[in-house]
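Structure first, commentary second.
Note that the numbering runs from 1 along the sequence shown for the chain.
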Amino acid sequence: MRQYDLVIRSRRAVTPTSVGPAAVAVADGRIAAVADYFDDLPSRKEVDLGETALLPGMVDVDAAVQAPGQLLSQGYARTTRAAAAGGITTLVVAPAPAQPAITSTEALRAHLHASASNSATHVAFLGGITPRSSSAELADLRANGVVGFACSLSDELMGLPALDDIHLSKSMAEVATMDVPIVVHAEDANELGTVVGPGNSALLAARPPRAERRGLERVLAAARSSGARVHISPFVAAECAAILAAARDIGIPVSAQTCPHYLCLPAEHVPDTDPSYRCRPPLRSDANRQALWNALLHGAESFGDVIVDSVGSGNRPGTGISAIRWTLPALWTAAQKRGCGLAELTQWTAQRPAELMGLATKGRIQVGYDADLVAFEPDTFQRVPASDGGPYRGRRLQGRVTGTWLCGIPVPSDADNDPSPRGGPLLSAYR
């Protein structure tokens, strides 16, 4: 009888078809069998989680890793360790803000070098598009392993100047030939005002929903003519959900993701002058938050008929909200109150992001997939330490990550302090 490297048993294992008792067997870093909870599966090591749920590792798209003034290697070390501690096993890294921004093969090599020996998760990369990007540069980035591209229509991303309509259409046409997605920050620079004052209310006044609406209209027009696959990140202004739905109805290949802070933290209920709540787009009203949940929950009903497809951390250390470690419990705290289950949670955070980025062996507990797995206690409450420094500090959240495996190898629970990498770049396997 075959001996596996590892068997993990859980009475709440989340597979693509069910949530229930199962035994997951791992061999050579991949899931080799998904069997009955009580099946005899000889293995070198066995873990019985009991009532603790077993989830596929999260795939976090468009996450920044580097804070201003921080070494790139430090950024990968700290961000990926916090991500792993929070149940994220694959980071799809935003090209900016970063030094250097990933807009050339030379910059990509710098990120490869920094991440290769410092990452506690798997890492994939988005190539950045600027008004100066040439067809040859984009092709070189793709040939060297980026899994998609990213651009901005506003001043949000340091290192990625805003694209006008000419450069947006040109870039989308080029990316469409590569059959990879283009991730767009869709706030229109022409609709943004000057921020007067330090508070979130000042940011709200300067960055109104119409900036997202106008930007989305520009993106959809370019996508319709080019055939490019477009992913809006982050999608915040819920009044634009109807525009997304109408675009899908006429066949435009557009998807969207939002972030836990937009689903959990309404502008009326956060300290106005606390910088840990500042992000772009800004936190919006409670009415917007409720409508954003409606857009996400509508998408949970049918994979082929969605408005908001997925949820990512939106991590922006030093320049925006930085709470990557609390992505899963923050989202679960709000989701379970709305009658959602672990199946929806994994669709939003693992399955759909992996499919979007073409990571063919990520995001599912299924035979043949990488054994990127998370032990999650959905009924356990925890209080975020007051020293955390992020927007959830001091808050009581439901759900706790108690274990993370990368290709069947456990990440230490003290991942923030552990010096040894467990992950690294994902390149040739996903070209």
Answer whether the closest heavy-atom distance between the side chains of [X] and [Y] falls below 4.5 Å.
X	Y	value
H111	L72	yes
V219	M172	yes
Q66	P317	no
W326	R395	no
R11	L49	no
F376	V14	no
L54	W405	yes
V7	V24	no

Checklist entry - What residues, two or more places apart in sequence or in another chain, satisfy side-chain contact (heavy atoms from CB on, under 4.5 Å) together with P234? => result H185, V236, C259, Y262, P281
Within the side chain of [X], is there an N or O that forms a donor-acceptor pair under 3.5 Å with the backbone of [Y]?
X	Y	value
Q398	P378	yes
Q290	A287	no
Q382	G399	yes
N144	D140	yes
S119	A116	no
E212	P209	no
Q70	A67	yes
R289	L265	no
R30	G368	yes
R81	A77	yes

Next on the checklist: Among T349, L397, T327, L342, which residue satisfies the side chain to side chain contact (heavy atoms under 4.5 Å, CB included) criterion with W332?
Outcome noted: L342
Next on the checklist: Could you go through T90 and T121, starting from their C-alpha distance and side-chain angles, then the distance that decides it, and tell me whether this counts as side-chain contact (heavy atoms from CB on, under 4.5 Å)?
Outcome noted: CA-CA 6 Å; T90 300; T121 67; over 6 Å; no
Hey, is [X] close enough to [Y] for a salt bridge, meaning N to O under 4.0 Å?
X	Y	result
R400	D379	no
R44	D5	yes
E377	R12	no

Would you tell me whether [X] and [Y] have side-chain atoms, one donor and one acceptor, within less than 3.5 Å of each other?
X	Y	answer
S104	R109	no
T361	D370	yes
D286	H269	no
W348	D309	no

Pairwise distance [atom1]([X]) to [atom2]([Y]) - rounded to 0.5 angstrom:
X	Y	atom1	atom2	value
S43	R2	OG	CZ	11.5 Å
I182	I129	CD1	CD1	3.5 Å
T17	Q366	OG1	CD	8.5 Å
D36	L41	CG	CG	9.0 Å
L112	S117	CG	OG	11.5 Å
R338	L263	CZ	CG	8.0 Å

Next on the checklist: Looking at R393, I'd like to know if its CZ atom is crowded, meaning that more than 12 non-hydrogen atoms belonging to other residues, nucleotides or ligands lie closer than 6.0 Å.
Outcome noted: yes
Checklist entry - Has Q99 got more than 12 heavy atoms of other residues, nucleotides or ligands less than 6.0 Å from its CD? => result no
Where [X] and [Y] come nearest, the two heavy atoms and their spacing:
X	Y	result
G57	A350	O-CB, 3.5 Å
K170	S135	NZ-OG, 4.0 Å
C264	A330	SG-O, 3.4 Å
C279	L203	O-CD2, 3.1 Å
Y277	N200	O-OD1, 4.0 Å
L138	S133	CD2-CB, 4.1 Å

Checklist entry - Hey, mind stepping through V92 and V147 against side-chain contact (heavy atoms from CB on, under 4.5 Å) and telling me if it holds? => result CA-CA 8 Å; V92 182; V147 296; 4.0 Å; yes
Checklist entry - Please, which pairs that meet side-chain hydrogen bond (donor to acceptor under 3.5 Å, both in side chains) have at least one residue in residues 45-60, sequence neighbours excluded? => result R9-E46, Y37-D48, D60-S313
Checklist outcome for this item: Here the side-chain hydrogen bond (donor to acceptor under 3.5 Å, both in side chains) pairs for residues 228-241, sequence neighbours left out, are D62-S233, R213-E239, H231-S255, H231-Q257, S233-Q257
Checklist entry - Taking the six-membered ring for Trp, is the centroid-to-centroid distance between H261 and Y392 below 6.0 Å? => result no
Checklist entry - Between L126 and M357, is a side-chain contact (heavy atoms from CB on, under 4.5 Å) present by the stated rule, with each step listed? => result CA-CA 10 Å; L126 295 171; M357 300 312 305; 3.5 Å; yes
Checklist entry - Given E187 and R280, is the salt bridge (charged side-chain N to carboxylate O under 4.0 Å, His left out) satisfied, shown in steps? => result CA-CA 9 Å; E187 285 182 291; R280 302 178 181 181; over 6 Å; no
Checklist entry - Passes side-chain contact (heavy atoms from CB on, under 4.5 Å), C340 versus L297? Steps please. => result CA-CA 8 Å; C340 300; L297 296 178; 3.2 Å; yes
Next on the checklist: R364 vs E355, test: salt bridge (charged side-chain N to carboxylate O under 4.0 Å, His left out). Steps then yes/no.
Outcome noted: CA-CA 10 Å; R364 298 187 182 207; E355 291 171 348; 2.6 Å; yes
